[in-house]
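See below for the structure under consideration.
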Amino acid sequence: MPAFKSDFLRTLSERGFIHQISDESGLDELFAKEVVTAYIGFDATAKSLHAGSLIQIMMLHWMQKTGHRPVALMGGGTSMIGDPSFKDEARKLITPQDIDDNLVGIRRNFAPYLAFGDGPQDALMVNNADWLMSINYVNFLRDVGRHFSVNRMLSFDSVKLRLDREQSLSFLEFNYMILQAYDFVELSNRHGCRLQMGGSDQWGNIVNGIDLGHRMGTPQLFALTTPLLTTSSGAKMGKTAAGAVWLDPEMMSPYDFWQYWRNTEDADVGRFLKLYTTLPLDEVARLARLGGSEINEAKKVLATEITAMLHGRAAAQAASETAAALFERGQVVESLPTVSIDRGPNNEWADGRSNAAIAVASGLASTMSDARRKFADGSLTINDQRIVDPNNIRPWENTYKDTGAFKVQLGKKKVVLVKLNS
C-alpha cells in the first residue's frame, strides 16, 4: 500500500481495511483537502446486524474520528429484492412490514459507533426507500437503464458465478445492481457523497455506480473495498455453529458476544485487534507478539475492547469477570446467560424434565437428536456430569450447587443456566 497523506486512508491502510481503491491518489487528495462524505449500504434482512458487518461499521467510525462525515444507508428499498451477489440462489423475499421492523433494530446497532446529528461531521442515516419506492419505472428505464450494458453486467463475477453453475438469476435480482448504482448517484446529489465503501464482493456494484455517476453528471465518485474476511481456519466472520453473532444484546448477550471474541484463533489476534478495536497500533503489536499461554491475555483484551465498544465498558468488564469466575475459579455467577422454562399449562414440568429437553431449552442443542449426539460424544454436560441417558428425568431439586438452575455446558466455553419459572 502507498503512503497516504490523509489521516483516514492512512489509518485504514495501517489497520488492514483496504483491498481495492478505484483511484488511490485522487481519493487521498480529496480526503486530505476537505471533509468527505462517504457511505456504506446495509440491507434489512434481519432485526440486527451481526459481527460480519463490524468491519464496515468500524470504517464509518474511523471516518468520523478522522474528521469526515459517514452515511449509513439503510436498504429499505433494495431489501425488497435482496442482493444476489455471490449467492447460490435467490434470497427469500421479505415483506415491507418485516423490513420496517428490521430497520428499527438495525438503527440501534450504530449508536455505539457513530455520533448522529446535523453538523458537517455528524453521521447521517438515510433510507433508500425514500427515492426507490417512488420511482416511475418507464422514466427510470429511459433515464437510468439506458446507461447500463447487459454484456458488461453479465461479465461481473457475481453474475458469472451463478450462470456458470447453471443456477437461475431472476430479472428481479438482475435489477439490484442498477438500483445500487442509482443509490450512489442519489446520495451524491442529495448529500454530496463522493465515496462508497463495502466488502470486496461489492466491487462490481460500486464501480457501476461510479460509471453511472459519470454518465449522469455527478462529480468524480470513488470506490473502496475491504478484503474478504475469514478466520485463519477459513470460517466466515460473524457466524458460529450455533448461528450468527448478533450485535443486538437481546439477540446475543454481552457475555456470549465476549466469549465469541475470546475464542479467536491465535493467528487472528493481531489482525482482529487492528480491525475491531481502537487500541494504538504499538499496543496492538505488543499484544500480537505474545506467545504460549500469554496469548490468552491478548484474547481477553480483544474480547473486552470489542464488547466495550458495542455494549459499554461495564458490560464488557462484567462479561470478563463472569468468564474468570466460571473458568478460572469454578464459580457459577448469576450474570451467566439464563433460560427460564415455563411450568406448562398444567404445571407438568414442575417435577423435572429430561436431560435432552433441558439441553434443547438451553439453546446449546438444536433438537432432541442433536442433544443425544452431543451427550454421546461428551461435548455436552449438565451440572458438569456426563450424560448417559438423555431421556432420564432430572428433578428440579437436582440443580447445580443449590443455585436453583441446571448448568448446561457445551465444550469448554459455552455455558447456560436453565431455571424453572417461579
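Note that the numbering runs from 1 along the sequence shown for the chain.
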Begin with the C-alpha distance, continue with both residues' side-chain angles, and end with the deciding distance and a verdict on salt bridge (charged side-chain N to carboxylate O under 4.0 Å, His left out) for D266 and K299.
CA-CA 8 Å; D266 292 1; K299 292 181 183 182; 2.6 Å; yes
Are the side chain of N136 and the backbone N or O of V138 linked by a donor-acceptor pair below 3.5 Å?
yes
So, taking the atom named OG1 in T225 and the one named CD1 in I21, what distance separates them when rounded to the nearest 0.5 Å?
8.5 Å
Nearest 0.5 angstrom please: N109 CG to L310 CG, how far?
7.5 Å
Can you name the side-chain contact (heavy atoms from CB on, under 4.5 Å) partners of D118, sequence neighbours left out?
none
Please tell me if the side chains of P219 and S188 come closer than 4.5 Å, counting only heavy atoms from C-beta onward.
yes
Using atom types as modelled and distance alone, determine if a side-chain donor or acceptor of R386 lies under 3.5 Å from a backbone N or O of A376.
yes
Trace of the side-chain contact (heavy atoms from CB on, under 4.5 Å) decision for R194 with T37
CA-CA 6 Å; R194 301 292 300 277; T37 300; over 6 Å; no
Rounded to the nearest 0.5 Å, what's the gap from NE2 on H311 to CE on M252? Could you check?
9.0 Å
Specify the closest pair of heavy atoms between L221 and C193, including all atoms of both residues, with the distance to one decimal.
CD2-O, 3.5 Å
Between S6 (side chain only) and A32 (backbone N and O only), is there a donor and an acceptor less than 3.5 Å apart?
no
Step-by-step side-chain contact (heavy atoms from CB on, under 4.5 Å) determination, N391 to N355:
CA-CA 6 Å; N391 299 316; N355 288 316; over 6 Å; no
N/O donor-acceptor pair under 3.5 Å between R15 side chain and T11 backbone
no
Any chance the rings of F31 and F4 have centres within less than 6.0 Å?
no
Using side-chain heavy atoms (C-beta onward) and a distance below 4.5 Å, is L179 in contact with N128?
no
Roughly how far, to the nearest 0.5 Å, is CG of L364 from NZ of K374?
7.0 Å
Can you check whether L273's main-chain N or O pairs, donor with acceptor, with T277's side chain at less than 3.5 Å?
yes
Does a side-chain heavy-atom distance below 4.5 Å link F17 with I55?
yes
Going through the checks in order, is the side-chain contact (heavy atoms from CB on, under 4.5 Å) test met by Q202 and M197?
CA-CA 8 Å; Q202 294 298 313; M197 301 183 290; over 6 Å; no
Consider only side-chain N and O atoms of W258 and T304, and report whether a donor and an acceptor are under 3.5 Å apart.
yes
R262 side chain near L302 side chain, heavy-atom distance below 4.5 Å:
no
Output for pair (T307 OG1, Q259 CD), nearest 0.5 Å, gives 9.5 Å
Do side-chain atoms of H50 reach the backbone of V245 as a donor and acceptor pair under 3.5 angstrom?
no
Can you name the nearest heavy-atom pair linking D43 to I106, along with the distance?
O-CD1, 4.0 Å
Correct closest heavy-atom pair for M251 and S48 would be SD-CB, 3.5 Å
When you look at T264 and D268, which way does the side chain to side chain donor-acceptor pair (under 3.5 Å) test go after all the steps?
CA-CA 7 Å; T264 294; D268 292 326; over 6 Å; no
Which heavy atom in A365 sits nearest to a heavy atom in S362, and how many Å separate them?
N-OG, 4.5 Å
Using side chain to side chain donor-acceptor pair (under 3.5 Å), reason through D183 and W131 one step at a time and then give a plain yes or no.
CA-CA 9 Å; D183 282 345; W131 54 84; 2.8 Å; yes
Side-chain heavy-atom pair L187, L73 within 4.5 angstrom cut-off:
yes
To check you understand the geometry: which heavy-atom pair defines the closest contact between A323 and Y255, and what is its length?
N-CE1, 3.9 Å
Cut-off 3.5 Å, no hydrogens considered: what does the side-chain donor-acceptor table look like for residues 278-285, sequence neighbours left out?
unit_1	atom_1	unit_2	atom_2	d
E283	OE1	R286	NE	3.1
E283	OE2	R286	NH2	2.9

Could you check E265 against T231 for side chain to side chain donor-acceptor pair (under 3.5 Å), going step by step and ending with a plain yes or no?
CA-CA 7 Å; E265 296 172 34; T231 66; 3.2 Å; yes
Is it true that a side-chain atom of Q64 and a backbone atom of A115 form a donor plus acceptor pair closer than 3.5 Å?
yes
Here the salt bridge (charged side-chain N to carboxylate O under 4.0 Å, His left out) pairs for residues 97-117, sequence neighbours left out, are R108-D248
Are W261 and Y276 close enough that their ring centres sit under 6.0 Å apart?
yes
Determine yes or no for a side-chain-to-main-chain donor-acceptor pair under 3.5 angstrom, with D122 supplying the side chain and F116 the backbone.
no
Under the 3.5 angstrom rule, does the side chain of Q20 hit a backbone N or O of W203 as a donor-acceptor pair?
no
Would the distance check show the side chain of T66 and the main-chain N or O of M63 forming a donor-acceptor pair, the cut-off being under 3.5 Å?
yes
Ignoring hydrogens, what is the shortest heavy-atom contact between Q56 and I40? Give both atom names and the distance.
O-CD1, 3.3 Å
For the atom pair NZ (K274) and CE (M58), what is the distance rounded to the nearest 0.5 Å?
14.0 Å
Check whether any side-chain heavy atom of L9 sits under 4.5 Å from a side-chain heavy atom of E24, and report yes or no.
no
Hey, are the side chains of M74 and V126 touching, using non-hydrogen atoms and a 4.5 Å cut-off?
no
Do D211 and F148 come close enough that some side-chain heavy atom pair is under 4.5 Å?
no
side-chain contact (heavy atoms from CB on, under 4.5 Å) between R313 and E305, worked out
CA-CA 8 Å; R313 182 66 58 181; E305 291 301 312; 2.9 Å; yes
Applying side chain to side chain donor-acceptor pair (under 3.5 Å), run through N208 and Y182 and close with a yes or a no.
CA-CA 9 Å; N208 255 345; Y182 184 65; over 6 Å; no
